[in-house]
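One structure is given here, and the rest of the page talks about it.
Along the sequence shown, residues carry numbers from 1. These values consider heavy atoms only, across backbone and side chains, with no hydrogens, waters or symmetry-generated copies.
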Amino acid sequence: MTIALAAVTAAVRADIINGPDDGQSQRKTEHTVAVGGSVSWITSKVYNSYHSYDRWIAGPGVDIEYNFVSKNGFGAGAAFFYNSTHIAGTSVQTWYAGPLVAYRLRMGSWQMGADLGLGYSNCDLEGHDEKGMAMKSDVNVEYRISSHFGIMAQMGGITTFFGGTNDYGKDEELNGISYWGLSLGICVHL
């Protein structure tokens, strides 16, 4: 995230925000819907009633995001994330939904962005539900095929907090799960 913010600052100082005169300075608030398939890795320990499982276990997921961004690049929106990971016959299903703040930097056909959100998460591990707050952050790059469609790659993470310490094991860790993932998808600009 720090690297993305440094790149945005450098681009502003270099006066390349709008790229070639593509009429962007005349654009209105832009509404975007993005849908992507992802691979996410659990980067925290996962506990069940029998074992603790090490980190870096991958599973498929879905990312859906809506945002509206003003002509100055700042905006807001909402995000949904779902991941299903299987660990030694155990299914870990996690979803997240919440609002976000967004920044987009457009340079010709390319657009870079960063999102930060705080929302609600639910994790189902062996039929045991955990619910609580979660933080989502990501950086993304999009190539616009046309004025209304683009393809996007996104890298980001979600950290869930379910309150207290974990129910299993002797580690004094916060009760929650952390993910890092990569997503590829399409964007529709309304």
Side-chain angles (χ1 to χ4, degrees), residues 1 3-4 31-48 51-69 75-104 111-143 145 149-163 166-168 173-190:
M1 181 85 139
I3 294 170
H31 299 265
T32 303
V33 176
V35 178
S38 66
V39 175
S40 297
W41 290 266
I42 296 175
T43 59
S44 59
K45 284 186 180 179
V46 176
Y47 296 90
N48 69 10
H51 302 289
S52 68
Y53 297 98
D54 290 330
R55 300 162 170 87
W56 299 104
I57 302 162
V62 174
D63 291 301
I64 302 171
E65 184 177 304
Y66 163 78
N67 63 56
F68 59 95
V69 177
F80 175 81
F81 164 86
Y82 173 80
N83 178 274
S84 179
T85 302
H86 295 280
I87 305 169
T90 299
S91 176
V92 181
Q93 297 182 12
T94 303
W95 63 264
Y96 162 91
L100 58 84
V101 293
Y103 182 76
R104 298 292 183 266
Q111 180 170 281
M112 296 186 306
D115 301 324
L116 184 62
L118 183 64
Y120 178 79
S121 182
N122 184 6
C123 178
D124 180 5
L125 174 62
E126 295 183 327
H128 177 71
D129 277 349
E130 293 278 3
K131 299 171 179 67
M133 298 298 291
M135 186 178 79
K136 180 182 188 305
S137 62
D138 61 65
V139 293
N140 54 64
V141 62
E142 175 191 351
Y143 180 76
I145 298 169
F149 295 99
I151 53 176
M152 178 184 73
Q154 179 172 288
M155 179 178 74
I158 293 180
T159 301
T160 63
F161 304 101
F162 301 131
N166 66 59
D167 293 334
Y168 311 108
E173 295 179 347
L174 289 177
N175 187 16
I177 295 179
S178 294
Y179 289 89
W180 275 101
L182 300 172
S183 176
L184 296 174
I186 60 169
C187 298
V188 178
H189 301 279
L190 310 171

Pairing donors with acceptors under 3.5 angstrom, does anything connect the side chains of [X] and [Y]?
{"X": "His86", "Y": "Gln93", "answer": "no"}
{"X": "Tyr143", "Y": "Gln111", "answer": "no"}
{"X": "Glu142", "Y": "Asn140", "answer": "no"}
{"X": "Tyr179", "Y": "Thr94", "answer": "yes"}

side-chain contact (heavy atoms from CB on, under 4.5 Å) between Leu118 and Met133, intermediate numbers included: CA-CA 7 Å; Leu118 183 64; Met133 298 298 291; 3.8 Å; yes
Distance-minimising heavy-atom pair for [X] and [Y]:
{"X": "Met152", "Y": "Cys187", "result": "CB-SG, 3.7 Å"}
{"X": "Glu130", "Y": "Asn122", "result": "O-OD1, 3.0 Å"}
{"X": "Phe162", "Y": "Gly132", "result": "CD2-N, 3.7 Å"}

Stepwise side-chain contact (heavy atoms from CB on, under 4.5 Å) test for Phe81 and Ser121: CA-CA 9 Å; Phe81 164 86; Ser121 182; over 6 Å; no
Heavy atoms from other residues, nucleotides or ligands near CE of Met155 exceed 12 (cutoff 6.0 Å): no
Drop me the distance from [X]'s [atom1] to [Y]'s [atom2], to the nearest 0.5 angstrom.
{"X": "Ser137", "Y": "Ile158", "atom1": "OG", "atom2": "CD1", "value": "8.5 Å"}
{"X": "Lys136", "Y": "Leu116", "atom1": "NZ", "atom2": "CG", "value": "9.5 Å"}
{"X": "Met135", "Y": "Tyr96", "atom1": "CE", "atom2": "OH", "value": "9.5 Å"}
{"X": "Asp115", "Y": "Tyr103", "atom1": "CG", "atom2": "OH", "value": "13.0 Å"}

Ring geometry between His31 and Tyr66 (parallel below 30°, tilted from 30 to 60°, perpendicular above 60°): parallel
Mutual orientation of the aromatic rings belonging to Trp95 and Tyr120 [parallel < 30°, tilted 30-60°, perpendicular > 60°]: tilted
Could you tell me if the side chain of [Y] sits less than 4.5 Å from the side chain of [X], heavy atoms only?
{"X": "Phe149", "Y": "Val188", "result": "yes"}
{"X": "Glu65", "Y": "Asp138", "result": "yes"}
{"X": "Ile177", "Y": "Ile42", "result": "yes"}
{"X": "Cys123", "Y": "Val92", "result": "yes"}
{"X": "Pro60", "Y": "Ser38", "result": "no"}

Side-chain (Ser178) to main-chain (Ser44) donor-acceptor, under 3.5 angstrom: no
Donor-acceptor contact present, side-chain Asn83 to main-chain Gly59, <3.5 Å: yes
Steps toward salt bridge (charged side-chain N to carboxylate O under 4.0 Å, His left out) verdict (Lys131, Asp124): CA-CA 9 Å; Lys131 299 171 179 67; Asp124 180 5; over 6 Å; no
